[in-house]
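In listed order, ligands and their atoms are each counted from 1.
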Amino acid sequence: SACSSKFVVSQMHPIWQEPLAVPGGERQSPIDIAVRRTQFDPRLRPLQMRYDPRTCQQIWNNGYSFIVEYDDTSDRSVLQGGPLEDRFRLCQFHFHWGESNAWGSEHSVDRRLFPAELHVVHWNRDKYNLFEEAVSEDNGLAVIGVFLKVGKRHEGLQKLVDALPAVRHKGSVVEFTKFDPACLLPENTEEYWTYSGSLTTPPLTEAVTWMLMKHHIEVSHDQLAVFRSLLFTSAEEEVQKSMVNNFRVQQPLCGRTVRSSFN
Ligand code: SG4
Ligand code: ZN
């Protein structure tokens, strides 16, 4: 079965350069959250985010998404609590989105997809010295996921949306400062699902504790349209490709349990 082999050749994303042999392959992401099969765990505490907006540095179009990067050389922006035993440093956030509002998220809830999904990425500063060390280790990374729905304009997101035209092409970087990613989280962060999984792009390492917020945020159609106006391609390429559908296909659960912090 898909879950019993030592190496799984991952289904290739159209823009990945080559198929990838994934070591392990038993705890890959993303997955569908089947709500009735989740298990309430009363020991799951609230998440504690303590982010310093002054650690925000730049936005980078890496040819797959745009990434807002944070200075992670000190403990000024950290996440702890929830399912986590250690302290994790904020290093970046990014999104995945679709060409239409009918899909775009990586995870789904009872098979329902959302137009986009935010990922706030952190690495374990108690066990490792650098993101690059943590990325391939068990318990190395902690990612908060938030679903986006189309509705009213999101005030906090607008500052970021305004900066995006400057990183339209692959490889472009622009300075971006004083942005608190907590403004992109739903008001209620106490209700979440958590499971053990992987990065959803190469190297697909099984290092991630996923925390998916039950409550979504709303953004306007115009704000998402600016995401969709970005490009997978660099300025030099002849045929330009819109940055849309930058999500990975869902992966088998392989006997894992998804826990919930709420009943
Ligand atoms: C996106 O492709 C980001 O651009 C990547 O960031 C990120 O990789 C990747 O998604 C996977 O992250 O939360 N979806 S995910 O599992 O965070 C990493 C960069 O390449 C390693 C910097
Ligand atoms: Zn992601």
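The 12-atom threshold is not exceeded at CD of Q39, counting heavy atoms of other residues, nucleotides or ligands nearer than 6.0 Å.
S220 and D222 share no side-chain donor-acceptor pair at under 3.5 Å. Side-chain contact annotation: D32 with S108, donor-acceptor N/O pair under 3.5 Å present. Remark: the T200 side chain and the E106 side chain contain an N/O donor-acceptor pair separated by less than 3.5 Å.
For atom 21 (C) of ligand 1, the closest non-hydrogen atom of the protein is F131 CZ, 3.5 Å. Considering only non-hydrogen protein atoms, atom 2 (O) of ligand 1 sits nearest to Y64 CD2, 3.1 Å.
When the options H122, H96, H94 are ranked by their closest heavy atom to atom 3 (C) of ligand 1, first place goes to H94. Here the shortest heavy-atom distance to atom 7 (C) of ligand 1, taken over E106, E132, Q92, E69, belongs to Q92. Across T205, T200, T201, heavy-atom proximity to atom 15 (S) of ligand 1 is greatest for T200.
Closest approach between the Zn ion (ligand 2) and any N/O/S atom of H96 involves NE2. In terms of distance to the Zn ion (ligand 2), the nearest N, O or S atom of H119 is named ND1.
Every atom of ligand 1 is numbered from 1 in the order shown, and the set under 4.0 Å from a heavy atom of L199 is 11 (C), 12 (O), 16 (O), 21 (C).
Only one option out of R27, R259, R256, H107 pairs with Y195 in a side chain to side chain donor-acceptor pair (under 3.5 Å); it is H107. Looking at F93, W97, F232 one by one, the single match for ring-ring contact (aromatic ring centres under 6.0 Å, His included) with F66 turns out to be W97.
Taking distance alone, with nitrogen or oxygen atoms compared against 3.5 Å, W60 stays at or beyond that limit from ligand 1. Considering backbone and side-chain N/O atoms, W210 never comes within less than 3.5 Å of an N/O atom of ligand 1. Checked against a 3.5 angstrom limit, the closest N/O atoms of H119 and ligand 1 fall inside it.
Under the 4.5 Å side-chain heavy-atom criterion for ILVMFWY residues, no single connected hydrophobic cluster contains both L90 and F131.
Under 4.0 Å from ligand 1, the heavy atoms of N62 that appear belong solely to its side chain.
Considering only heavy atoms from C-beta on, F147 comes within 4.5 Å of V109 through its side chain.
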